[in-house]
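Quick notes on the structure that follows.
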Amino acid sequence: MNEIIKSLHSRKSIRVFTDQEIATEQKNEILHAAMAAPTAGNQQLYTILDITDDTLKQQLSITCDNQPFIAKAKMVLIFCADFQKWYDAFIEGGLRPRKPGAGDLMLAVSDANIAAQNAVTAAHSLGIGSCYIGDIMENCETQRNLLHLPEYVFPAAMLVFGYPTALQLERTKPERCSLEDIVQQNHYRRRDGMELRAMLEKDSGTLGYDEWMRRFCSRKYESDFSKEMSRSVSTYLKAFGIHS
């Protein structure tokens, strides 16, 4: 196994950081690595917000489901799917472009998330931990105000970075599904009940599938934050002509 593949397997989410600062040189290495990511037509349909204001970091830790470790992170980046800059550039060129639509948004979200994953991988290679914060998609109105987001910009992902504590380094990475559970040949085949139980038994532990699934569904899928995320994303989508 080469070093890059080994790094991909060893990387895990880190939520507790030491007090060590991230040097400017390393921060720039991470940002340049993000920008080297694959991108649709070399458009780089994203903007990276580097959150350096401590007050804003504190506000984001509250608006993103009250997670204090966000405010303690040594680096916070928000990867925004950004079609605003291209729409404005078209107008600057004397054009009368159509309004951005669903496909434009999805392409921009892909660009933003691919760049984010490059940042994660680069950081891990430097010994710097990271954690994705999907909650940045919640509270649309508040986040738009805090980050000054125009209508064709969507906060696709937030990442927090810092040097892991010893306990975080020692923590076991959660087990992933088997290759056979994830990879299908040529066509999608819907799994039956027995297959689903076999796929997720590693997570259910002593609870058993039914009880574990009941708790997981309640904690995640049916949670207030999940419902708020759906409401908030629906609000962002309206600018792209998508109505629920």
> Any idea which heavy atoms bring Glu21 and Tyr163 closest together, and the distance?
Replying inline: O-CE1, 3.5 Å
>> Donor-acceptor pair, distance only, cut-off 3.5 Å: does the side chain of Arg219 make one with the backbone of Cys217?
In response: no
> Ser226 side chain to Glu222 main-chain N or O, any donor-acceptor pair under 3.5 Å?
Replying inline: no
> For the side chain of Asp54 and the backbone of Lys57, is there at least one donor-acceptor N/O pair under 3.5 Å apart?
Replying inline: no
> In Å, rounded to the nearest 0.5 Å, how long is the span from CE of Met1 to OG of Ser10?
Replying inline: 9.5 Å
> How many angstroms lie between CD1 in Ile51 and CG in Leu147, if you round to the nearest 0.5 Å?
Replying inline: 5.5 Å
> Just wondering, are more than 12 heavy atoms of other shown residues or ligands nearer than 6.0 Å to NZ in Lys72?
Replying inline: no
> Closest heavy-atom contact between Asp82 and Ala108?
Replying inline: N-CB, 4.0 Å
> Under a 4.5 Å side-chain heavy-atom rule over Ile, Leu, Val, Met, Phe, Trp and Tyr, are Leu56 and Val160 clustered together?
Replying inline: yes
> Should Val16 and Leu169 be regarded as members of a common hydrophobic cluster, given that ILVMFWY residues are connected when their side-chain heavy atoms come within less than 4.5 Å of each other, either directly or indirectly?
Replying inline: no
>> Parallel, tilted or perpendicular: which one describes the rings of Trp212 and Tyr209, with boundaries at 30° and 60°?
In response: tilted
>> With rounding to the nearest 0.5 angstrom, report the CZ to CG distance, Phe79 to Asn118.
In response: 9.0 Å
> Hey, is Glu175 close enough to Lys202 for a salt bridge, meaning N to O under 4.0 Å?
Replying inline: no
> Does Asp104 use its side chain to pair, donor to acceptor, with the backbone of Gly101 at less than 3.5 Å?
Replying inline: yes
> When rounded to the nearest 0.5 angstrom, what distance separates CZ in Phe225 from OG in Ser230?
Replying inline: 10.5 Å
> Are any of the side-chain heavy atoms of Ile133 and Ile70 separated by less than 4.5 Å?
Replying inline: yes
>> Restricting to non-hydrogen atoms, name the atom on Tyr87 and the atom on Arg98 that form the minimum distance, rounded to 0.1 Å.
In response: CE1-O, 3.4 Å
>> Could you report the tightest heavy-atom contact between Lys173 and Leu8, atom names first, then the distance?
In response: NZ-O, 3.5 Å
> Hey, is CG on Asn66 packed in by over 12 heavy atoms from elsewhere, all under 6.0 Å?
Replying inline: yes
> Do Val76 and Ile30 belong to the same hydrophobic cluster, where Ile, Leu, Val, Met, Phe, Trp and Tyr are linked whenever their side-chain heavy atoms lie under 4.5 Å apart, directly or via other members?
Replying inline: no
> For Ser178 and Asp181, does a side-chain donor sit closer than 3.5 Å to a side-chain acceptor?
Replying inline: yes
> Less than 4.0 Å between a side-chain N and a carboxylate O, is that true for Glu3 and Lys6?
Replying inline: yes
>> Keeping Ser223 on the side-chain end and Lys220 on the backbone end, is there a donor-acceptor pair under 3.5 Å?
In response: yes
> Of the non-hydrogen atoms in Ala34 and Tyr46, which two are nearest, and what is the gap between them?
Replying inline: O-OH, 3.7 Å
>> Atom CD of residue position Glu25 - does it have more than 12 heavy atoms of other residues, nucleotides or ligands inside 6.0 Å?
In response: no
> Is Thr39 reaching over with its side chain to a backbone N or O of Gln44, donor-acceptor style, under 3.5 angstrom?
Replying inline: yes
> Is there a side-chain contact between Leu60 and Ile136 (heavy atoms, below 4.5 Å)?
Replying inline: yes
> Between Glu195 and Asp192, is there a donor-acceptor pair closer than 3.5 Å when you use the side chain of the first and the backbone of the second?
Replying inline: yes
> For the ring pair Tyr236 and Phe154, is the centre-to-centre distance below 6.0 Å?
Replying inline: yes
> Same cluster for Leu149 and Leu237 if Ile/Leu/Val/Met/Phe/Trp/Tyr side chains link at under 4.5 Å?
Replying inline: yes
> Looking only at atom types and distance, does a side-chain atom of Lys12 sit under 3.5 Å from a main-chain N or O of Gln168, one as donor and one as acceptor?
Replying inline: yes
> Would you say the side chain of Ile14 lies within less than 4.5 Å of the side chain of Cys131, judging by non-hydrogen atoms?
Replying inline: no
>> Quick one, Ile22 and Ile128 - any side-chain contact, counting heavy atoms below 4.5 Å?
In response: yes
> So does Glu92 have more than 12 non-hydrogen atoms from other groups sitting under 6.0 Å from CD?
Replying inline: no
> For the side chain of Gln67 and the backbone of Cys64, is there at least one donor-acceptor N/O pair under 3.5 Å apart?
Replying inline: yes
> Are the aromatic ring centres of Phe83 and Tyr152 under 6.0 angstrom apart?
Replying inline: no
> Would a 4.5 Å heavy-atom cut-off, applied to side chains only, mark Leu31 and Leu77 as touching?
Replying inline: yes
> Is it true that Arg215 and Glu211 make a salt bridge, defined as a side-chain N closer than 4.0 Å to a carboxylate O?
Replying inline: yes
> Hey, what do you get for CG (Leu49) to CG (Leu146), rounding to the nearest 0.5 Å?
Replying inline: 11.5 Å
> For Arg11 and Val120, what are the C-alpha separation, side-chain angles and deciding distance, and is it a side-chain contact (heavy atoms from CB on, under 4.5 Å)?
Replying inline: CA-CA 9 Å; Arg11 186 267 166 192; Val120 162; 3.3 Å; yes
>> So which atom in Ala71 and which in Ser61 form the shortest heavy-atom distance, rounded to 0.1 Å?
In response: N-CB, 3.9 Å
> Can Ser232 and Asn139 be said to form a side chain to side chain donor-acceptor pair (under 3.5 Å), step by step?
Replying inline: CA-CA 6 Å; Ser232 187; Asn139 300 308; over 6 Å; no
>> Is it the case that over 12 heavy atoms from other parts of the model lie below 6.0 angstrom from the CG atom of Asp224?
In response: no
>> Nearest 0.5 angstrom please: Gln43 CD to Trp86 CH2, how far?
In response: 5.5 Å
> Hey, are the side chains of Glu29 and Gln26 touching, using non-hydrogen atoms and a 4.5 Å cut-off?
Replying inline: yes
> Step by step, would you call Leu200 with Phe216 a side-chain contact (heavy atoms from CB on, under 4.5 Å)?
Replying inline: CA-CA 12 Å; Leu200 297 170; Phe216 187 86; over 6 Å; no
> Where do Tyr132 and Gln117 land on the side chain to side chain donor-acceptor pair (under 3.5 Å) test, with the steps shown first?
Replying inline: CA-CA 9 Å; Tyr132 276 97; Gln117 186 58 26; 2.8 Å; yes
> Taking the side chain from Asp111 and the backbone from Leu45, do they hold a donor-acceptor pair closer than 3.5 Å?
Replying inline: yes
> Would one find more than 12 heavy atoms of other residues, nucleotides or ligands at under 6.0 Å from atom CG of Leu95?
Replying inline: yes
>> Are Met35 and Ile78 connected into the same hydrophobic cluster when the rule is that any two of I, L, V, M, F, W, Y join if their side-chain heavy atoms are below 4.5 Å apart?
In response: no
> Would you say the side chain of Arg171 lies within less than 4.5 Å of the side chain of Leu167, judging by non-hydrogen atoms?
Replying inline: no
>> Gln143 vs Thr63, test: side chain to side chain donor-acceptor pair (under 3.5 Å). Steps then yes/no.
In response: CA-CA 8 Å; Gln143 311 294 28; Thr63 61; 3.2 Å; yes
> Is there side-chain contact between Lys27 and Phe161, with at least one heavy-atom pair below 4.5 Å?
Replying inline: no
>> Checking Asp88 against Gln84: is there a side-chain donor and acceptor pair closer than 3.5 Å?
In response: yes
